[in-house]
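Read the structure below first, then the notes.
Values below: all heavy atoms of this structure, side chains included; hydrogens, waters and symmetry mates excluded. For ligands, and for the atoms within them, numbers begin at 1 and follow the listed sequence.
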Amino acid sequence: MKISKKLEKWVNDWAAICQPDVIHWCDGSEEENQRLLDIAVKTGAAIKLDDSKRPNSYYFQSDPSDVARVENRTFICSEKEEDAGPTNNWMAPAEMKRILLAEFTGSMKGRTLYVIPFSMGPLGSNIAKIGIQITDSIYVVTNMRIMTRMGKEVLDVLGDGDFIPCMHSVGAPLESGQQDAKWPCAPIEKKFISHFPDTNEIWSFGSGYGGNALLGKKCLALRIASAMAHREGWLAEHMLIMGITNPQGKKHYIAAAFPSACGKTNLAMLIPSLPGWKVETVGDDIAWMKFGNDGKLYAINPEAGFFGVAPYTSMETNPNAMLSCRANTIFTNTALTPDGDIWWEGIGQDIPDGTITWTNELYDKANGKPAANPNARFTAPARECPVIDPDWENPKGVPISAFLFGGRRPGTVPLVYQAFNWNHGVFLGSIVGSEVTAAAIGLKAGVRRDPFAMLPFCGYHMGDYFGHWVNIGEKAPDKSKLPLIFNVNWFRKGPDGKFLWPGYGDNIRVLQWVIERVEGTASAVETPIGFVPEKSSIDLTGLPDVIDQMEAILKVEKEDWCHECDLIAEHQKIFGDRLPEEMKNQFELLKKRFGV
Ligand code: OXD
Ligand code: MN
């Protein structure tokens, strides 16, 4: 393995602090992966699933205190507090490093320090970035091997070049002779997911789960990358990327941002209900985009796998996701069936007798507790997806024709509408929101704004982030080739509380309209919020029940939007004097078009 002096020093310096028993440089090979998984099984951290049911797949249960991203323990440590902005937790970098150096000291005693070289994006792509993660968790190594391109080839490409240093420890040193926990981690007040955007560093301590610990994903590919993209003039976004081919064989790619839990993975892998249409997946979570020499905006998926939410994924809701995790997959916090397979709520089959829950108890329907944690995950290789796009690893990326924004909005927002222009589209991204019910997650009921679905993932001031999007439009090499921008809402409800639009595979009908707008062939009506489809311009073949509802699905009601404007005013206030003039103007124009 080719290891630069700089990298060697970085690893040795951290090893001196963390004091592991052993240092292991990961080569990314199959043998290494197997050896690590065998250790995890032997120590009781993992269970190998039945090979005849889930070939080469493993099951982990986390500590009940470590089941999700911890937003209140996530920090953007920019030099200046105002650069982190009002939507991030901030701590001064020196102070955070002082606290964390104390925590990292001796934190790997009794453990192995693993060095993971990884590339976000196809190795060698001019859009890709190389990171090196240090961790003391086998779970992290084996997940990173699925989620990124990992191993010695990365070091060969890196040579003496710069890498993004990603430091991680579960924060649970072992005394000699001490029995290890099944899922070692630190208590909540000792968890720190810290980002240093001025120096492109990530220090994560205390958690072994998902985005807290697989540092290529949310930490590097969104928080650090968004700050780099701001400085360097490109885009790092919380967006799926999909290819859509019409019956005539013409293909377009779109990128779409939705807040967490709005069905991004389902949309990315949609099976069209309209004959002759084809959808292929480039990515389900993150897009990095740069302009190509032809003036078009090109996107890559920096990841190599799906870290998908398991519950309610089924052969009915998302067959392609189910097929993606049929083998070579790591399952976390699902339930375990007595015949060595996994189970979760909404998987489409009854729970077998004798199933073990994610908390390792025998499932008991009577106690009302779910068998799988609601945030149970599958970590599946993207190459296993039956509809993976032939260009998903193209180092150039794929050209984007349209952006979609959306959220769960039971009222007010029509099924789809198109922004009048780029800045209006940026405004639509800046006001993305999703309805939350107070009962479900203990938040104030109402619309939770999640601009560009980046609220938990923007590595700098969100007002500046809106300004960056405005700049991308202004500086585009060819404005006529900029993607068109749309807002969609699959979740509008009627007075009876039922969804008006069938969703899932029928969303292709909306995507068809979007693509036909790109091609200039679909008709639309101009409304104060943007261009809304002419009722007849959405293909409703085979959906007779929906025809009568189209008015309600597409309606733009002045009264609703006056209320919405009050909410937007409150939302815009948060960004103070860093809210770009263009966003203030767009809001004024919206009100003017409604005559308020
Ligand atoms: C995710 C998220 O896990 O957005 O992808 O929360
Ligand atoms: Mn996400």
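- Between H571 and F575, the ring planes lie perpendicular to each other; the angle is over 60°, past the 30° to 60° tilted range.
- Between F403 and F486, a ring centre-to-centre spacing not shorter than 6.0 Å is recorded.
- K182 NZ: more than 12 foreign heavy atoms inside a 6.0 Å radius.
- As for H238, its N/O/S atom nearest the Mn ion (ligand 2) is the one called NE2.
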Could you pull out the N/O contacts under 3.5 angstrom between ligand 1 and the surrounding protein atoms?
unit_1, atom_1, unit_2, atom_2, d
ligand 1, 3 (O), R377, NH1, 3.1
ligand 1, 3 (O), R377, NH2, 3.0
ligand 1, 4 (O), K218, NZ, 3.1
ligand 1, 4 (O), H238, NE2, 3.2
ligand 1, 4 (O), S260, OG, 2.7
ligand 1, 5 (O), K218, NZ, 2.9
ligand 1, 5 (O), D285, OD1, 3.3
ligand 1, 5 (O), D285, OD2, 3.3
ligand 1, 6 (O), R69, NE, 3.3
ligand 1, 6 (O), R69, NH2, 2.7
ligand 1, 6 (O), S260, OG, 3.0

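- Taking a 6.0 Å sphere around NZ of K129, one finds it holds more than 12 heavy atoms contributed by other residues, nucleotides or ligands.
- Under the 6.0 Å distance and 45° angle rule, K264 does not count as a cation-pi partner of F258.
- Stacking of R223 on the aromatic ring of F457 is not recorded, the 6.0 Å distance cut-off and the 45° axial limit not both being met.
- Donor-acceptor pairing under 3.5 Å is recorded for the side chains of W183 and D66.
- The Mn ion (ligand 2) lies at the vertex of an angle of 100° between the OD1 atom of D285 and the NZ atom of K218 (rounded to 10°).
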